[in-house]
Protein chains: 2
Amino acid sequence: MLTIGEFSRLTHLSVRTLRRYHEAALLEPAVVDETTGYRYYGVDQIPTAQVIHRLRELDVPLSDVQRILRTPDPGVRAALVTDHLRRLEDALDRTRAAVVSLRRLLRPDPAPIDVELRAEPARTVAAVEAVVGHRDMATWFAGAMAELEAAVGAAVTGPPGGIYDNALFEQERGHALVYLPTAAPPRTGRVHPTVLPAAELAVTTHVGEHDGIEVTYGELGTWVVENAMSVAGPVREVYVVGPRDTSDPAAWRTEIGWPVFRVT
Amino acid sequence: MLTIGEFSRLTHLSVRTLRRYHEAALLEPAVVDETTGYRYYGVDQIPTAQVIHRLRELDVPLSDVQRILRTPDPGVRAALVTDHLRRLEDALDRTRAAVVSLRRLLRPDPAPIDVELRAEPARTVAAVEAVVGHRDMATWFAGAMAELEAAVGAAVTGPPGGIYDNALFEQERGHALVYLPTAAPPRTGRVHPTVLPAAELAVTTHVGEHDGIEVTYGELGTWVVENAMSVAGPVREVYVVGPRDTSDPAAWRTEIGWPVFRVT
DNA sequence: GTGGACTCTCCCCCAAGGGGAGCGTTTAGA
DNA sequence: TCTAAACGCTCCCCTTGGGGGAGAGTCCAC
């Protein structure tokens with residue numbers, strides 16, 4: 001039996017943290033003295049403590065750590081861990097994007113923006129939509145687009161696009177829709193026909209990979225306001241040239257469309 | 001002038017967050033209506049808001065964001081940002097290490113550990129020491145070791161090593177010392193002679209890169225306890241074969257020494 | 001048997017927001 | 001011009017994963 005201090009030294013977890021894990025029923029001491037409340041740990045708990053420590057270093061929430069620990073099947077457990085590692089990769093992508101944006105923002109480079117006003121008519125497309133968390137966007141997008149491609153196949157009549165609720169950016173959660181235009185939208189799995197509503201859009205084109213696209217959003221927003229307009233409704237993106245067309249991200253062209261109306 | 005809602009849509013920052021940034025004096029609205037308390041922002045504040053947003057995505061604390069924004073000199077500002085990017089790299093290294101450790105922990109692989117008890121005599125070495133945060137360890141270590149190498153030069157009489165306070169692992173902050181053994185330790189810059197105290201050590205060797213070394217710590221700890229001993233004092237590492245000797249991390253050999261005493 | 005190290009619980013604190021209540025303001029349409 | 005909806009305000013509490021410290025009890029080696 002090890003006192004909490006000894007266990008702390010052996011696992012490199014602080015005494016405080018160990019108490020918290022006890023409280024969270026994450027790592028219960030092998031023995032708790034009824035009268036004194038002293039916690040005593042067993043040597044066999046060291047590996048468990050280490051697993052927790054490593055998972056926490058990966059920012060896995062305690063609740064998820066608990067779920068992982070309580071999963072007896074090693075295969076399922078490994079799957080849960082892998083799932084978190086995927087999340088980690090997403091986070092890494094976002095970090096990279098932020099770095100690129102930051103570099104672009106800190107470069108004292110006016111680079112005038114080219115904006116076009118366009119009246120977009122309503123049209124019917126094949127779509128996949130969901131309320132999705134900001135964190136999971138990348139993964140969700142990849143899956144949805146793959147399903148769309150599979151459902152529509154060669155009947156595609158134009159570049160894919162998406163409509164994204166502002167709440168998706170402002171609060172970590174919102175409605176997202178991706179679509180592929182086609183003459184007769186199928187209805188299979190998550191894919192279904194949807195009418196994209198007509199809209200008056202301020203459109204600009206972001207060139208290159210999507211890292212840094214937020215800066216273009218900001219420039220578009222500035223243009224909209226300076227041209228005495230106001231923003232209304234969800235944002236649209238059209239992937240005019242994207243990964244479907246070329247593997248060179250520098251050649252990608254993404255149209256960003258912001259629904260606007262004139263404020264006389 | 002933009003209302004907070006419009007500004008929110010244009011910057012993809014939530015209304016709530018904008019209010020918080022106002023409160024924190026990070027991003028003050030251009031105009032605040034005296035009577036209603038309504039906040040109004042200018043278009044020219046969009047880039048600033050975006051810089052803040054990107055920095056926050058990089059987990060830069062608001063206080064540091066503020067410092068960066070208030071730095072007028074673009075060169076100094078870029079340096080501050082670069083500094084944070086370096087921290088980010090450190091974090092990435094830790095993440096990688098945690099993933100490696102986790103894989104090793106989840107592998108059902110007993111792999112008996114080889115531990116040697118050794119009475120280490122006191123000896124005088126050239127050392128650099130500091131109280132350092134867990135986060136900054138990697139960077140600090142690299143700098144300290146470089147300074148040691150420069151100061152001692154060819155007079156080295158053995159592999160480098162370090163002594164690390166347990167608090168460094170348990171709480172995010174603790175005393176760390178790295179040393180190079182040499183006959184006549186110099187005193188330049190942070191380098192100074194120090195006596196490594198004698199100690200009874202339980203020693204095992206970790207093979208390969210340091211990612212995953214925590215697992216070896218755990219195994220050593222288990223051995224110590226199972227052999228009726230108790231852990232006392234800071235941990236020691238000796239980099240028997242390290243980056244100084246070979247560029248192949250798989251060939252590295254790190255001795256981990258834990259001061260112990262027998263509990264009858 | 002005693003002093004110092006260790007441990008206990010309890011309360012407050014942190015960052016960086018989110019949720020919601022209760023109330024005032026603005027604005028578009030009837 | 002009125003009114004209702006949308007929008008904005010402040011205030012308070014909640015979250016996560018801990019850290020700091022107070023005040024009191026416990027353990028152990030000398």
Side-chain angles (χ1 to χ4, degrees), chain A residues 1-9 12-27 29 31-41 52-53 55-66 133-135 166-167 169-174 230-233 261-264, chain B residues 1-9 12-27 29 31-41 52-53 55-66 133-135 166-167 169-174 230-233 261-264:
Chain A
M1 285 299 97
L2 302 159
T3 66
I4 197 168
E6 291 165 338
F7 196 70
S8 162
R9 276 187 290 278
H12 288 166
L13 284 162
S14 78
V15 169
R16 233 180 178 87
T17 303
L18 287 172
R19 285 203 270 254
R20 167 162 289 270
Y21 290 172
H22 179 195
E23 188 190 1
L26 198 64
L27 181 65
V31 173
V32 177
D33 189 308
E34 290 283 327
T35 61
T36 67
Y38 274 37
R39 298 167 176 85
Y40 298 96
Y41 295 82
I52 298 173
H53 201 165
L55 287 171
R56 282 298 305 133
E57 282 184 343
L58 301 178
D59 278 328
V60 177
L62 286 188
S63 55
D64 293 16
V65 173
Q66 193 169 43
H134 188 201
R135 305 256 127 96
N166 281 301
F169 304 97
E170 293 162 24
Q171 300 140 21
E172 299 285 281
R173 187 149 207 81
S230 195
V231 165
F261 57 90
R262 188 163 292 280
V263 256
T264 45
Chain B
M1 285 296 98
L2 302 161
T3 67
I4 197 169
E6 290 165 339
F7 195 69
S8 163
R9 277 188 289 278
H12 289 167
L13 284 162
S14 79
V15 170
R16 235 181 176 82
T17 302
L18 287 172
R19 284 202 272 251
R20 169 160 288 270
Y21 290 172
H22 179 196
E23 189 190 1
L26 234 179
L27 181 65
V31 173
V32 178
D33 189 308
E34 289 283 328
T35 61
T36 68
Y38 274 34
R39 297 166 176 87
Y40 297 97
Y41 295 82
I52 298 173
H53 201 165
L55 288 171
R56 284 297 306 133
E57 280 183 346
L58 300 179
D59 278 328
V60 176
L62 287 187
S63 54
D64 292 17
V65 173
Q66 192 169 46
H134 187 202
R135 307 255 126 97
N166 281 302
F169 303 98
E170 294 161 24
Q171 299 141 20
E172 299 284 282
R173 187 149 206 81
S230 196
V231 165
F261 58 90
R262 188 162 293 279
V263 254
T264 52

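No experiment lies behind these values; they were computed from the predicted model shown. Below, all heavy atoms of this structure are taken into account, side chains as well, without hydrogens, waters or symmetry copies. Every chain is numbered from 1 and lettered A, B, ... according to where its sequence line falls, protein lines coming before strand lines.
- Across the protein-nucleic acid pair, A:M1 atom CE and C:dT7 atom P stand 15 Å apart, rounded to whole Å.
- Here the C1' atom of nucleotide C:dG17 and the NE2 atom of B:H53 are 12 Å apart, to the nearest Å.
- Atom CD of B:E6 is separated from atom C1' of C:dT25 by 15 Å (rounded to the nearest Å).
- Taking CZ from A:R19 and CG from A:L27, the interatomic distance works out to 14.0 Å, rounded to the nearest 0.5 Å.
- In this structure the side chain of B:V31 reaches within 4.5 angstrom of the side chain of B:M1, judged on heavy atoms.
- The side chain of A:Y40 approaches D:dC27 more closely than any other nucleotide in the set C:dG18, D:dC27, C:dC8.
- Between B:R16 and C:dG19, a side-chain N or O to OP1/OP2 separation shorter than 4.0 Å is absent.
- Side-chain contact between B:L62 and B:Y21 is present, with heavy atoms from C-beta onward closer than 4.5 Å.
- The shortest side-chain heavy-atom distance between B:T3 and B:Y40 falls under the 4.5 Å cut-off.
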Please write out each protein N/O paired with an N/O of nucleotides 15-17 of chain D under 3.5 Å, distance rounded to 0.1 Å.
| from | atom 1 | to | atom 2 | distance (Å) |
| --- | --- | --- | --- | --- |
| D:dG17 | OP1 | A:L62 | N | 3.2 |

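- A sub-4.0 Å separation between OP1 or OP2 of C:dG18 and a side-chain N or O of B:S14 is present.
- Atom P of nucleotide D:dG8 and atom CZ of B:F7 are separated by 13 Å, given to the nearest angstrom.
- Annotation: the span from B:H134 atom NE2 to A:H12 atom NE2 amounts to 9.0 Å, rounded to 0.5 Å.
- Comparing C:dC6, C:dG19, D:dG8 against the side chain of A:Y38 picks out C:dC6 as the nearest.
- Place A:T35 and B:G37 on DNA chain D by their nearest nucleotides, and B:G37 ends up nearer the 5' end.
- The two atoms that bring A:Q66 and A:A24 nearest to each other are NE2-O, 3.2 Å, heavy atoms only.
- Per the geometry, CD belonging to A:E23 stands 10 Å off P belonging to C:dC10, to the nearest Å.
- The side chain of B:T36 contributes no N or O atom lying less than 4.0 Å from OP1 or OP2 of D:dG8.
- Note on A:R19: a base of the nucleic acid sits closer than 4.0 angstrom, heavy atoms only.
- Contact between B:S8 and B:L13 at its shortest, heavy atoms only, is OG-O, 2.7 Å.
- For the pair A:R39 and C:dC8, the criterion of a side-chain N or O lying under 4.0 Å from OP1 or OP2 is met.
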- [ ] Would you check, one step at a time, whether the test side chain to side chain contact (heavy atoms under 4.5 Å, CB included) holds for B:V32 with B:H22?
- [x] CA-CA 10 Å; B:V32 178; B:H22 179 196; 4.0 Å; yes
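- Note: CG (A:D33) to P (C:dT9) measures 11 Å, nearest angstrom.
- B:N166 contributes a side-chain N or O that, together with a main-chain N or O of B:G233, makes up a donor-acceptor pair within less than 3.5 Å.
- Within the helix from C:dG1-D:dC30 to C:dA30-D:dT1, the inter-axis angle between the opening and closing five-pair segments is 10°, rounded to 10°.
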